[in-house]
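Below you'll find the structure, written out as structure tokens, and then a few comments.
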Amino acid sequence: MRARSVNCDSFTFPVVLRSAGTLRRRRLGEELHGYVLKMGFGGLVIASTALIDMYCCCGMWSVGREVFDRVCDRDVICWNTMVAGYVKNGNFFSAKELFDEMPERNVSSWNTLVDMYGKCGEVGLARSLFDEMPARDVISWNAMVSGYVKGGECDAARGLFDEMPKRNVVSWNVMITGYVHGRRFSDALELFRMMQGSDVKPNEVTVVAVLPACGHLGALDLGQWIHSYIRRNRVKMDVYVNTTLIDMYGKCGSVEDARRVFDNAEMKDTFLCSTMIEVLAMHGKADEAFGVFDYMRRAGIKPSDITFVGLLKACSHVGLVEIGVEYFEMMSKDFELVPKVEHYGCLVDLLGRAGHLEKAYETIKSMPMEPHPIVWGTLLSACRIHCNVKLAEEVAFHLIELEPQNCGHYVLLSNIYSKDGRWNEAAKLRKIMKEKGVMKKPGCSSIEVDNSVYEFFAGDCVHPRCKEIYEMLDKIITRLKAEGYSPKTSSALHDVDIDEKEQTLLYHSEKLAAAFGLLNTNHKAPIRIVKNLRICDDCHVFMKMVSKYFGRSLIIRDCNRFHHFSDGSCSCCDYW
DNA sequence: CTAGGGTTAG
């Protein structure tokens, strides 16, 4: 940037200063300040306001304030800029102080304050200001809805959203994002559908907000529809959009599409590449994940600690212990990244899955930080795979001490006991659960049919076509039993006799979803199901048999990986 | 001047 060789007028500086501010180029900003003075624009409000904004964006709010104090003909915009500058720098007290001193307030000044209180968690104060302000525009409403969303109050946000006299694209974006952050994915999709019925057109921010919801729910059809919507309507395909597309396709089980988006992305940054690596890892494509990492190094894209989480995950899912350890060491050696508890968790998984249980245990004991319960849980899962009851007990009892209300620990240990034939111990554990009032988290599976997502809970009867679904499921079970299927009752965590145990097992949510899928989808496409918990041994066998005897492939995502069932076998090779 | 956006260990 050489301002010397450019003809400047008083309108040039605000534009250039703005870029300097957004890029946080302090030096450049200061240099430009010099030119502003040299060219005699120093006294003008417009130039001064731009300078204030630039300094505040660069974190130099006190210099901004000095400029502000020297402006003699301050207008509202100038005042607003200074107030907003304090807010940007987290100087909420000064912002409020200056707001109170303002000789004149239009709507924007109030908006800044409403937004500020929302940002610092004072929703109540934001609301009283919102109610108090003399006039409101869309921005005021959006700021207030956003305040509720940030405070995690989705329902209050929605209440206000519904009351809005007018909504623009930001209003919809705020509310959809709110649902997604509150993990209310179905609500997010429903709102997105409502938006289509409104007069506001979705933009690139909207798709970035909804796509993660599609990913979490496994709503591939809707995700694909949004992808084609983006192309049809020339929504800007920026790096954010591409990142969420990759994530969505990956989580919906379509790695190929994720890869296509990655290859076609014009701009590739750390986020985008890390997402691609994570997706490949999730699907057991370790070599391809390593390839993306090599690409990053060649292209000079700096890996982050999250990149390494993906790489380590890729290694552990396919048992590449040595390579995984190499990546772990590479983090600090070559990239000055300090391994976090997540990376130690991956390392424990890597070692544990591969059967090196003692080494995994040693890793936990030698971690430089307090091991999070998830790390212990990882070791417990490894004990399940390798049937090490002794270590499992030690780890599980420790975990139960740490998190007595987490049902997962009891369930996992109980399954390990059952797998080993120790029914008495399993029963004792169920008694303990009962005594402590720990409820088993209900299994839930969702499936998308005709652009709608249907959710099923184990043994539920809420679906309108419930009778039909159960009849279909019974038909499938009868057929599979004829082919040799016998329910593995060890997966059922209930203190009941065998018959009843078989019943609860037969109606696990993924089976209901599969029956619904067979009833309602055409005969070529795979049936895609997303489950909130880990798939059980029995359902795993069941799905393999369905894929064989009903000639349909099924793609099931459980809470930690994908299972692609076809022709009687599963992509995880029964190792999960 | 003021409202909205991406990846993360089981």
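Lettering of chains follows the sequences in order, A, B, ..., and the numbering in each one begins at 1. When reading the values below, keep in mind they use all heavy atoms of this one structure, side chains included, and skip hydrogens, waters and symmetry mates.
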Using atom [atom1] of [X] as one end and atom [atom2] of [N] as the other, report the distance to the nearest whole Å.
X: A:E104; N: B:dT2; atom1: CD; atom2: P; value: 18 Å
X: A:I246; N: B:dG6; atom1: CD1; atom2: C1'; value: 10 Å
X: A:L402; N: B:dG10; atom1: CG; atom2: P; value: 19 Å
X: A:M164; N: B:dG4; atom1: CE; atom2: P; value: 13 Å
X: A:H216; N: B:dG6; atom1: NE2; atom2: C1'; value: 11 Å
X: A:Y344; N: B:dG10; atom1: OH; atom2: C1'; value: 19 Å
X: A:I52; N: B:dT2; atom1: CD1; atom2: P; value: 13 Å
X: A:Y148; N: B:dA3; atom1: OH; atom2: P; value: 18 Å

Phosphate oxygens OP1/OP2 of [N]: is one of them under 4.0 Å from a side-chain N or O of [X]?
X: A:K150; N: B:dA3; result: no
X: A:S381; N: B:dG10; result: no
X: A:K251; N: B:dT7; result: no
X: A:K236; N: B:dG5; result: no

- Message: Looking only at side-chain N and O atoms, does A:Y179 offer a donor or acceptor that is under 3.5 Å from a partner on A:R158?
- Response: yes
- Any luck finding a side-chain donor-acceptor pair between A:S128 and A:D131 under 3.5 Å? no
So what does [X] touch, heavy atoms closer than 4.0 Å: a base, only the sugar-phosphate, or nothing?
X: A:H181; result: sugar-phosphate
X: A:N242; result: nothing
X: A:N168; result: base
X: A:V114; result: nothing
X: A:V169; result: base
X: A:V279; result: nothing
X: A:V348; result: nothing
X: A:L211; result: nothing
X: A:K340; result: nothing
X: A:V341; result: base
X: A:D238; result: base
X: A:H372; result: base

- Query: Is there a donor on the side chain of A:T243 or the base of B:dG6 sitting less than 3.5 Å from an acceptor on the other?
  - Reply: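 Result: at least one qualifying N/O pair found.
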Shortest side-chain distance from [X], nucleotide among [options]:
X: A:R353; options: B:dT2, B:dG5, B:dG10; answer: B:dG10
X: A:T378; options: B:dA9, B:dT2, B:dG10; answer: B:dG10
X: A:E342; options: B:dT2, B:dG6, B:dT8; answer: B:dT8
X: A:I306; options: B:dA3, B:dT7, B:dG6; answer: B:dT7
X: A:F271; options: B:dG6, B:dT8, B:dT2; answer: B:dG6
X: A:N173; options: B:dT8, B:dG4, B:dA3; answer: B:dG4
X: A:V170; options: B:dG6, B:dG4, B:dA9; answer: B:dG4
X: A:D269; options: B:dG6, B:dT2, B:dA3; answer: B:dG6
X: A:K313; options: B:dG5, B:dA9, B:dA3; answer: B:dA9
X: A:D247; options: B:dG4, B:dT8, B:dA9; answer: B:dT8

Validate the cation-pi geometry between [X] and [Y]: distance from NZ or CZ to the six-membered ring centre under 6.0 Å, angle to the ring axis within 45°.
X: A:K150; Y: A:Y148; value: no
X: A:K302; Y: A:F335; value: no
X: A:R167; Y: A:W172; value: yes

- Item | Criterion ring-ring contact (aromatic ring centres under 6.0 Å, His included) against A:F99, the qualifying member of A:F92, A:W110, A:W79, A:Y86 | A:W110
- Query: Is there a donor-acceptor pair closer than 3.5 Å between any side-chain N or O of A:N89 and the backbone N or O of A:G85?
  - Reply: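 Yes, the answer is positive, given that a donor and an acceptor are paired below the 3.5 Å cut-off.
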- Message: Working to the nearest 0.5 angstrom, can you tell me the gap between A:C315 SG and A:L350 CG?
- Response: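 Going from SG on A:C315 over to CG on A:L350, the span is 6.5 Å.
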